[in-house]
Amino acid sequence: MSELRVRAGGLYTTVQDTGRFGHYHMGMPPSGAMDTYSAVVANMLVGNPDGAGVLEGTYVGPTLEFTDDRLVAVTGADVPVTLNDEPVEPWTAIRVRSGDVLGFAMIRAGCRAYVAVSGGIDVPVYLGSRSTYTLTGIGGHEGRKLVDDESLPLGAAEGPGRDGAVVPEDLRPDLTGTAELRTVVGLCSYRLTEGGLASFLGTDWKVTKDADRVGYRLRGGKLDFTEREQPFGAGSDPANVVDLGYPVGSIQVPGGDEPIVLLNDAVTGGGYATIGTVISVDRDRIAQTKTGDAVRFNSVDLDTALAARRDRRERIERVRSRIAR
Amino acid sequence: MTTEKIQLPPARYEYGGDEFVFVELDQAMSLEANFAGMAVTNALRQEAIEGVVDICPSNASYMVQIDPDRLDPRELVEELRRLESTVGTLPEDYVLKTRVVDVPVLFDDPWTHETLMRFRDRHQDPDATDLEYAARINGFDSVQGVVDAMTSAPWIVTMLGFVPGLPFCYQLVPRERQIQVPKYVRPRTDTPERTFGFGGAFAVVYPVRGAGGYQMFGMAPAPVFDLSQSLPDFADDICFPKANDVLRYRAIDMAEFEATRSEVEKGTFRYRIREVEFEPATLLADPDAVNRELLEVLYR
């Protein structure tokens, strides 16, 4: 069986695909690539199905050695990539041979890089997905992040990938500047005062060091809750509600001064008031922010959220047709 | 005894972005709200609508995850409103078929005690243990009083979540007899696996070690989550609790705790489980009578 050698695991590299669905009701989050667009496009470049297993590297990418002929593509964060210490182009399918070594330098912009290899990272499918969920240690490669000096199984490279296939610049995400996160305000936003909600939407929030696949904690403002007699069963803090389900992408503000955006590996429910949800497309964008980066929440309606989703699908199809040429 | 009937407000429909619909049945917890959620989510599940990814009943609310490429969230909300008006409450003669399960708990155990002592700075009452605090604010003279209250009547699983397999349990007693405690002032960064926790009006067993905000009262010797699926009760699922399970938390001593732990480690442990059915309407009208029956079935 063919394998991919992990010479260095990088800071936090996991196997992911498009996610594990149908188990939210028992408390299992979807996991999956945090930046879906980049992961899907990486797979396309090497001729894989959109949902094949990829590697998601965080800040410091892995060092990978190939053991046979493959196509490889790196997408996502803006990071210098090397093959045998020579720079190679990201967002491009590259032919590699046995003994070739793919490496990463420091990230320039963004946070997460995706590595797709033709044939896909062929770890066992668990509950319908290859995604890693480290909290309970399931899926991916032994349910954990990669470590130095180990191997990953690769599938048979039978796809239509072609050396040199490239994603044009205008179809790559813009990762510069403040991340504008379109947000459907609601859920329990009635818990905030009018001023609290205005301040939520008007603040440039900074990503704290507590920002990972579970969620992003932000700082920079203070939000006031309306006073009320707490409903039965909620608990006494003004941010408490009777424990309820949390949508992926939802925002809660325990204590009023530290919004938390829940992401792919988040808890599925709990007792803090949720005040809105980042639209699915813009989870890709927050996934590419890192500690110290600025984010803003822009209130949008459901129509805008659905239109953004259609837009992303169209962009994915445009990439597909460009690559097919 | 009978209890005051709780009237629910109209449900509140909210979009959790483009992939979720969140429906709040009431801001306050009640069995009425939970049963209303059960009625609608049961009906929705039977419809098997294309594009519904998951149906997640919660305590006094529920959530539906959808694939918006296949189902417009607005169409789903229309259907949910229709279900609210047609099947929005369980019929008077509805019979809930479920399981009643004996769940042993060692209260005031050394492991959660060690952990809670490390986080006194995050607690409302740094000079008391979590159990002492809960006893005091709920008007009991002693820790034993609050333990007796929690173990005398069974609980129903009204929500699963937070992490895989965590059961939120609500006691089958009228509101005036419910125990309530706040969550920690600031969440802990550590909670031992199998901690029996309490927050708001909910009792839980933590499936895995990790962060947590609930008060810590004790430790269950048997797991609610078993990734290896080596215990017989986990043959079909890594999570033991199911929605609507009736759990009876039973206080045990250290000798029984250790005996049960060794059964778990040998892979021979099985929960005491009995199939049971009861009418939620009867439960609301006379909880003590239904509880007696449930416990009678469990220990028959």
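Proteins come first, then strands; the chains are lettered A, B, ... in the order of their sequence lines, and each starts at number 1.
Side-chain contact check for Val21(B) versus Pro247(A): every heavy-atom pair is 4.5 Å or farther apart. Residues Arg74(B) and Asp303(A) are in side-chain contact: their nearest non-hydrogen atoms beyond the backbone lie under 4.5 Å apart. Side-chain contact check for Asp72(B) versus Leu306(A): some heavy-atom pair is nearer than 4.5 Å. A 4.5 Å side-chain heavy-atom check between Glu19(B) and Arg309(A) finds at least one atom pair inside the cut-off.
Neither the backbone nor the side chain of Tyr13(B) comes within less than 4.5 Å of any heavy atom in chain A. Of the atoms belonging to Met63(B), it is side-chain heavy atoms, and not backbone ones, that fall under 4.5 Å from chain A. The parts of Val53(B) that come within reach of chain A are both its backbone and its side chain, each placing non-hydrogen atoms under 4.5 angstrom from that chain. For chain A, the nearby part of Gln180(B) is the side chain; its heavy atoms alone come within less than 4.5 Å. In this structure, chain A has a heavy atom under 4.5 Å from the side chain of Arg12(B), while its backbone stays farther away. Looking at Phe168(B), only its side chain comes within 4.5 Å of chain A, counting heavy atoms on both sides. Residue Tyr62(B) does not touch chain A at all, counting heavy-atom pairs closer than 4.5 Å.
Ion pairing between a basic and an acidic side chain is recognised when a charged N comes within 4.0 Å of a carboxylate O; Arg312(A) and Asp69(B) show no such pairing.
Rounding to the nearest 0.5 angstrom, the gap separating the CG atom in Asp237(A) from the NZ atom in Lys183(B) is 9.0 Å. If you take SG on Cys239(B) and NE2 on His23(A), they are separated by 10.0 Å, rounding to the nearest 0.5 Å. A distance of 12.5 Å separates CZ of Arg209(B) from CG of Leu135(A), quoted to the nearest 0.5 Å. With values rounded to the nearest 0.5 angstrom, Ser250(A) atom OG is found 10.0 Å from Phe22(B) atom CZ.
A side-chain donor from one of Tyr190(A) and Glu24(B) sits under 3.5 Å from a side-chain acceptor of the other.
Counting all heavy atoms, side chain and backbone alike, Asp237(B) lies closest to Met26(A) at OD1-SD, 3.9 Å. In terms of heavy-atom proximity, Val184(A) sits nearest to Tyr15(B) at CG1-O, 3.7 Å. Shown here for Ser61(B) and Leu244(A), the closest heavy-atom pair between the two residues is OG-CB, 3.5 Å. Between Gly245(A) and Met159(B), the shortest heavy-atom distance links the atoms N-CE, 4.1 Å. Pairing each heavy atom of Tyr272(A) with each of Pro187(B), the nearest pair is OH-CG, 3.6 Å.
In terms of heavy-atom pairs under 4.5 Å with chain B, the best-connected choice from Leu302(A), Asp243(A), Ile138(A) is Asp243(A). Between chain B and the residues Phe21(A), Phe232(A), Tyr133(A), the largest count of heavy-atom pairs under 4.5 Å involves Phe232(A). When each of Val163(B), Asp26(B), Asp67(B) is checked for heavy-atom pairs under 4.5 Å with chain A, Val163(B) comes out on top.
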Practice task
For Tyr24(A) and Phe20(B), run ring pair (Phe, Tyr, Trp, His ring centres under 6.0 Å): C-alpha distance rounded to whole Å, both residues' side-chain angles, the deciding distance at 0.1 Å, then the answer.
Solution key: CA-CA 11 Å; Tyr24(A) 212 77; Phe20(B) 289 85; 5.4 Å; yes
